[in-house]
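Remember, it's 1-based here, ligands and their atoms both numbered in the order they're listed. Remember, predicted model here, so these are calculated numbers, not experimental data.
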Amino acid sequence: MNTPRIEIDLEKIAHNAKRLKELYASKCIDVTGVTKVVCGDTNIAKVLVKSGINILADSRITNIMKMRDANIKAQFLLLRTIQSQAKDVVKYADISLNSELAVIKELSKFAEKQNTLHKIILMVELGDLREGIMPSDLEDTVNKVIMLKGIKLVGIGTNLACFGGIKPDYKKMKHLSSIAKNIEDKFKLKLKFISGGNSANYNWFMTTKDVGKINNLRLGESIFLGCEALNRKPIPKLFTNAFKLVTEVIESKIKPSLPYGDIHQDAFENTPKFRDIGKIRRVLLGVGVQDVLVFGLTPILDINILGASSDHIIINAKQTDLKVGDTVEFNLDYGALLSTMTSPYIINEYK
Ligand SMILES: *Cc1c(COP(=O)(O)O)cnc(C)c1O
């Protein structure tokens with residue numbers, strides 16, 4: 001089997017998806033499965049649907065097109081809408097998240113042309129300062145959106161803990177609930193989705209007695225990596241190792257721990273500093289920064305990552321007896337998983 005490869009355990013993903021769906025259903029919250037970290041991988045998407053998830057969300061319309069082409073039976077939600085892609089958004093996504101009227105007008109234009117109804121969820125800013133309409137501007141936007149042909153407002157949502165690291169707590173969720181209620185009362189409409197956030201909402205969910213009007217969460221990381229996204233604590237009864245990066249030793253030699261010669265910049269413009277711990281077994285792996293966000297890797301063996309360049313990771317092999325051709329495995333965090341799944345150099349192997 002070729003390396004580098006990522007081993008993907010579909011049964012573990014299915015288990016996590018089912019368990020999270022049950023858990024959130026216990027307080028009437030439905031789970032939308034977010035496929036962007038796996039680039040809309042169709043084998044994984046199929047598993048999510050089989051596990052009872054009816055809506056799949058992705059940030060890229062090309063990933064949604066790929067999943068549709070693979071005949072995956074789900075509704076598709078686009079997480080990030082780009083104005084110039086409006087035609088494809090209307091054609092391939094059932095629902096999209098939006099925060100700009102100009103973009104929604106463009107969606108309306110193509111929905112009319114294609115003679116369909118495109119559903120939108122308006123994103124509300126609650127302090128994380130990525131996407132979202134300021135709450136004070138929301139009524140005005142809703143007023144304009146409900147006049148647009150080909151567009152159906154089906155919900156409001158918010159996204160926290162992504163840019164500003166702002167925690168989705170009781171206060172934030174209560175605020176979103178009250179905004180939703182206000183919109184429903186004022187415009188005499190029913191919002192199908194009150195989408196409270198992502199994998200970072202786990203602690204709020206577990207500790208709150210009252211989820212208010214929140215009835216949807218968009219989950220990626222917790223399904224795939226089995227952890228919540230505020231402190232990266234494992235969620236009980238979930239697998240945290242559904243993905244494993246398998247790399248290969250391409251050189252293994254006893255060498256000094258301290259580079260010798262006149263020290264200048266390394267490949268990435270840093271001037272490296274090293275500690276002299278005498279001679280060590282240094283192992284080179286045939287994978288590098290062009291393949292994976294290296295600092296998101298955790299070796300399964302007791303070895304240390306010393307550094308990396310474009311095509312190599314350099315390891316202190318410690319007491320292990322790693323030889324050329326041996327494989328070395330790593331667990332991945334969100335950034336490492338994202339980069340690995342995106343890299344064209346890494347093979348996906350499904351188990
Ligand atoms: C990526 C993303 C999610 C999923 O986040 P996870 O932390 O992986 O659960 C949810 N909503 C939006 C808008 C996103 O961009």
Problem set entry | Those protein residues which place at least one heavy atom below 4.0 Å from ligand 1 | Val34, Lys36, Leu79, Leu97, Arg130, Glu131, Asn159, Asn198, Ser199, Arg218, Leu219, Gly220, Glu221, Tyr334

For this session: Taking only Lys NZ, Arg NE, NH1 and NH2, and the carboxylate oxygens of Asp or Glu, determine whether Lys351 and Glu11 approach each other closer than 4.0 Å.
Result: no

Exercise. In terms of heavy-atom contacts, does NZ of Lys27 have more than 12 from other residues, nucleotides or ligands at under 6.0 Å?
Worked result: yes

Problem set entry | Presence of salt bridge, Asp9 and Lys244, under 4.0 angstrom | no

Problem set entry | Salt-bridge present (Asp94, Arg68; N to O < 4.0 Å) | yes

For this session: Would you mind checking if Glu221 and Arg232 are paired as a salt bridge, meaning a charged N to carboxylate O distance below 4.0 Å?
Result: yes

Problem set entry | Partner of Leu322 by side-chain contact (heavy atoms from CB on, under 4.5 Å), out of Leu285, Thr327, Leu301 | Leu301

